[in-house]
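Here the structure comes first, spelled out in C-alpha cells, and everything after it is commentary.
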Amino acid sequence: MMRFPFAVACSLTALIAVKPFSGYSQTTPNELTITRFSGPAVTPSPACLAVAPTGEVFVGVDMIGSLGKDPGKGRILKLVDKDNDGKMDQHTDFAEVDNPRGIIVMGNQVFVLHTTFSKETGKATGMALVVFEDKDGDGKADGPPQPLVEHLSNTKYIQERGTDHATNGIRMGIDGWIYIAVGDFGFHDATDRSGKKLTMLGGGIVRVRPDGTEMEVFSHGTRNVYDVAIDPYMNVFTRENTNDGGGWNVRFSHHLQSGEYGYPVLFQHFTDEIIPALADLGGGSGTGALFMAEPNWPEKYNNVPMMADWGRSMLYIHRVTPDGPTFTQKEEDFIALPQITDLDVDGSGRLYLSAWDGAGYSGSDTIGFVVRAVPNNWTYKAFPDPAKVSVDELVGMLTSASAVARLNASRELLRRNDPQGIAAALKIASDVQQPLYARVAGLYTYAQAAGKNGITALVELSKEAAIREHALRALADRKGLLADVPEQPFLEGLKDASPRVRAAAIVGLGRLGRVETATALLQTKVPASFVAPVKDKEGPHATPNAAIVLPHLAVRALVALHAVDAAVAAINGANGALALWALRYMHDEKAVNGLIAAYQQSKDVKLRKQILTTLARLYKKEGDYDASWWWGTRPDSHGPYYKAVLWAGSPVIEKFLKKEAQKADPARMELFRDLDARHRMEIAAFAPLKKTEPVATKEPKVDLEKIKSKKGQVGKSSIEDVLLAVKQIKGDAAKGKILFVNQGCVACHSLTREEKMKGPFMGQIGSIMNRERIAESILKPNASISQGFATVTVTAKGNKTYVGFITEETATKVVMRDIAGEVYTVKTADILSRKEMKTSMMPTGLANALSYEEFASLVNFLSQQKK
C-alpha cells in the first residue's frame, strides 16, 4: 500500500491534536475549517475510507499495513457525527476484513476490496471485491459478505511481500460500473460472479458491475495506482506511484477506455505506441483520489480531481484543461496531512480525509486519524436518505449540481426499477435546457434501466451534438447488448468535429466487434508525433500528446477486431502507417505473410524499412502469464515484451530477415543488428560485432564498518539532540557533497539519472522529504525501510547464498548488489528461495563521526536534490 522512495515516516500526531488545524500548515487553505474527526484510539492505521451520502463515515483500519503478512488486524468501522460538529460521536465495528484497500457505500450495501487469508494456513490467498449489507441499520454487517470478484491480485507476491503493489481503491462512476485500481502485481484468473476469468499482466484499471458480473479491463500499463477519480462526464484520472529506483516518478494520467499506458515494457524504447501521462510530478506516493463536484464548495476548489500523496503528505488539486480528446493539467498544493491515505465527500459537502501519520509499513495500533474539512461559510444541511424519498424527489436529485446526489439518486432509481423514474431519466437526458451533467446522469440511468429496450432512444440521442459522446459510450457500454446495437451512429461519429466524440466512436467500434468497420477505423490519421525514441534514449512517457490519442485508440480497436486482412490490405496505401502500427500486435501467420508480400511489392525505401520493423516486432510475443513470474520493484523495462517467446510465425520471419540481410551491404547490415537489439529477437546472424570491451569504471570502495566505528559529536549524542541541532544549523551544501562520498553514501545511492541505479535514488529526495525527515532516516535506517530496497537473501543451486538488494529483474534473471558494491546475477531457474529481511542494508551509525555542522551540511546537500 504505502510506497515511499527513501525511508522514515515520522509521526506528526502532536501537530494535529488541536481543533481547528490553525497553524498546522501554510498550504491548508484559509477558506476551509478542518477538525479532527477521530483519532488512533478508534481509527489507527486508516488505509481507506468512504462516506455515505447522509454522512456516515466508513473507515478501513489496516494494522497489517503494506508489508505485513499476519491476518486478523483489519476491520471496517462505521463512524457517526450525531450533532454535526465535526467530531465522531459514535462508532461500531461494521465488519472484520484484512488489508481493506477500498470502500464504496451505496444504500445499505458496503462494497469492500481487501486481502483474503486461509483460515487453515494463515497465508494470503489473494484479494477479493465483496459486498456487505446492513438491512437492519444497526451499523453492523448482516453476516458474511457476498464475493463479487475473487483472486483479484497475485497471491504469490502478496504472500512474499505484502499488499503494497496489489489491487487498491474502488470508485463507482455515474455509468454504474465499479472501477478498480490495480497495482502492478496484476492478477491471474480473477473470477467474477458469472464465472468469467480475467488475467492482467501488470497494472491498470478494471471495472465490474455492482452485481459482480461483466468484469473487463478498462485500461492497462500503469504502475502502482492506488485509487481513481471519476468526473461527472466519466473522465477517469489517477496519480501513480514513484518507481522504486527505476527513475520514473509520480505520474498524473487521464485514462481512456482501451488505452495502453506502457509500464514497464514500452516506457523506454516504445513510447510512440502509448498514451503518455499528462505530467511527471517527481517523487512521491499517490494514494486516495476524488473528483470534487459539490455546489457548496468554493468555486476555486470545485470541479477538480483531488489526489492524495502519502509520500509528500499532501492532498493536491490538479487543474485539468480540455485538450482535444484528453487534457492538460497543473498541480497545486491543497491540504497538508501527514501520510494522507484517502478522501471522500458526502451529500452535505463534508470532506473526510484519513492519515496514516507515520504508522510504518506494517501498521500501528497507536497512530492514525481522520479529519473533516468544510468551507468556512458551510452550514449543515441534512442530505435526504435516498431510500426514503419519493420517485419524484429522486428525479429532482438527478438534476442536482451535486455529483453525490446524482449518483445516489441514480442507484436508488435503478434499485426500484420504477417505470415512472426510468421515463423521467430519459426525459432529463433529452432536455436541452438541463445542464450537461444532469443529462449525462439521466442518460446513464436510463441506459442501465432500459437495457436492450433503450437502444432506439440512445441512437436518437446520438444525433444531438451536445450529448453524442455519451450516447455512443452508453450504446457500446454493455457487451451483452452489443448484438442489437447498430454501427451506423459510430461510423458517423468518426467524422464528428469533436475529438471526444470521435474517441467514443472509435472505442465503441472496437467493442462492437464488427470487422467490416475496420476500413473506416484505418482512416484515422497518424500525427507527426508518432516517432520512435532515438536509439538507447528514453522516450517521452509523461508528456501530453493529444494528437496521438485517436490513432492509438483506433489501433486498439483494430486489434480488438483482429482486423488482419484489412490492415494487410492497407499497408501500401494512404493508411499504411496506422495499419503497420496495428499489425505490430497481430501475431497471426496471415499478418506475417501479408507483410512479406507487401515488402516485396513496394519500391518505397521508407515503407520497406517500416515493414522490416513490424516483422521484427512480431518475431516474438509475450508469454502466457501463469502468475509465477513478472513482478519486481525494478522490472525489466527494455521491452517490447517482458517474457518473450517464439511462436508459429517466428521461423518464417527469421528466414525472411536473414535472406534480406544477406542482400545488404555492410553498412545496411547495421539496420538488422539494430532491429535485433531493439526487439530482442536474439537471432545469431544479427549479433553485434565483437568489440574491445571498455574498461569498466571502478566505483569507490568504501569501508562502512570503519566509518561507523568512529565517534564524533553525532555518535556521542542522542538522536533527539542531533535533530534539534540540525534545525538550528543550516550547514554548507558544498561540504555535504564531499561528505556524501566520504561517509559511504555513494556505495548504495546515485544522484543523477546517468549513474547506474543502485539503492534508493537520491537525486530527488529533497522534493520528497524535508530536512528533519532526511536526518532521521540517516540516523534510524531501520525505522522504515525504503520499499524496493529491503535486504534480500537468495539461496540458489550449488549451495550459493546472496545477500543484497535487487537492482534489476527480468523473467530469467535477478541482479543483486551487496553492501560492498559487488554485483551478482542469478538465473531465476536456479533460485531456491528468496526472502526479504526486516533490517535495512544501510548500517546504523554512518554519521557517528560527524560534527553537528558536518551532519547538517550533509542533510542540506541532500535536501537540495530535487531533480
Side-chain angles (χ1 to χ4, degrees), residues 15-39 42-43 46 48-59 77-91 103 105 171 229 231-232 288-308 313-318 332-338 340-355 357 368-385 397 400-408:
L15 294 177
I16 52 81
V18 295
K19 174 195 173 187
F21 280 21
S22 58
Y24 165 60
S25 170
Q26 292 181 348
T27 59
T28 300
N30 293 328
E31 297 93 334
L32 301 182
T33 299
I34 302 180
T35 55
R36 185 183 176 100
F37 187 73
S38 65
V42 176
T43 54
C48 56
L49 63 75
V51 190
T54 46
E56 297 80 10
V57 182
F58 290 76
V59 179
L77 294 168
K78 181 180 180 181
L79 280 59
V80 180
D81 177 6
K82 299 177 74 173
D83 56 7
N84 306 302
D85 66 349
K87 294 186 294 184
M88 180 271 298
D89 302 311
Q90 174 183 314
H91 71 275
I103 307 173
V105 183
R171 194 165 287 279
D231 80 0
L290 166 73
F291 192 94
M292 173 63 79
E294 297 305 311
N296 47 9
W297 268 68
E299 184 178 351
K300 65 188 289 189
Y301 302 132
N302 202 27
N303 296 307
V304 289
M306 293 181 176
M307 300 285 185
S313 294
M314 181 64 68
L315 178 65
Y316 290 96
I317 280 176
H318 291 269
E332 294 179 10
D333 291 1
F334 184 38
I335 298 174
L337 212 59
I340 180 173
T341 55
D342 207 359
L343 66 155
D344 201 11
V345 67
D346 72 4
S348 299
R350 293 175 287 190
L351 177 67
Y352 293 89
L353 308 99
S354 55
D357 192 27
F369 61 88
V370 175
V371 299
R372 187 197 76 172
V374 293
N376 290 342
N377 60 357
W378 177 88
T379 54
Y380 174 70
K381 182 179 179 180
F383 186 86
D385 184 346
M397 291 166 63
S400 167
S402 163
V404 171
R406 295 194 300 273
L407 176 60
N408 283 273

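Between Tyr352 and Phe37, the ring planes lie perpendicular to each other; the angle is over 60°, past the 30° to 60° tilted range.
Asp346 has no carboxylate O lying under 4.0 Å from a charged side-chain N of Arg372, or vice versa, which leaves the two without a salt bridge.
Checking side-chain atoms of Glu294 against main-chain N and O of Val404 turns up a donor-acceptor pair under 3.5 Å. The backbone N or O of Tyr380 sits nowhere less than 3.5 Å from a side-chain atom of Ser348 that would complete a donor-acceptor pair. For the pair Asn302 (side chain) and Trp297 (backbone), a donor-acceptor distance under 3.5 Å is absent. Between the side chain of Thr54 and the backbone N or O of Asp385, no donor-acceptor pair lies under 3.5 Å. A side-chain donor-acceptor contact under 3.5 Å links Arg171 to the backbone of Ala289. When atom types are taken as modelled, the side chain of Asp357 and the backbone of Pro338 share no donor-acceptor pair closer than 3.5 angstrom.
Closest heavy-atom contact between Tyr301 and Met306: O-CE, 3.4 Å. Of all heavy-atom pairs between Ala355 and Thr341, the closest is N-OG1, 4.1 Å. Pairing each heavy atom of Arg406 with each of Ser400, the nearest pair is NH1-O, 2.8 Å.
Within a 6.0 Å sphere centred on CG of Asp83, other residues, nucleotides and ligands contribute more than 12 heavy atoms.
Applying the side chain to side chain contact (heavy atoms under 4.5 Å, CB included) test between Tyr316 and each of Asp333, Ile340, Ile335 identifies Asp333 as the sole match. Of the candidates Val370, Val371, Val57, Val59, Val370 is the only one forming a side chain to side chain contact (heavy atoms under 4.5 Å, CB included) with Ser38.
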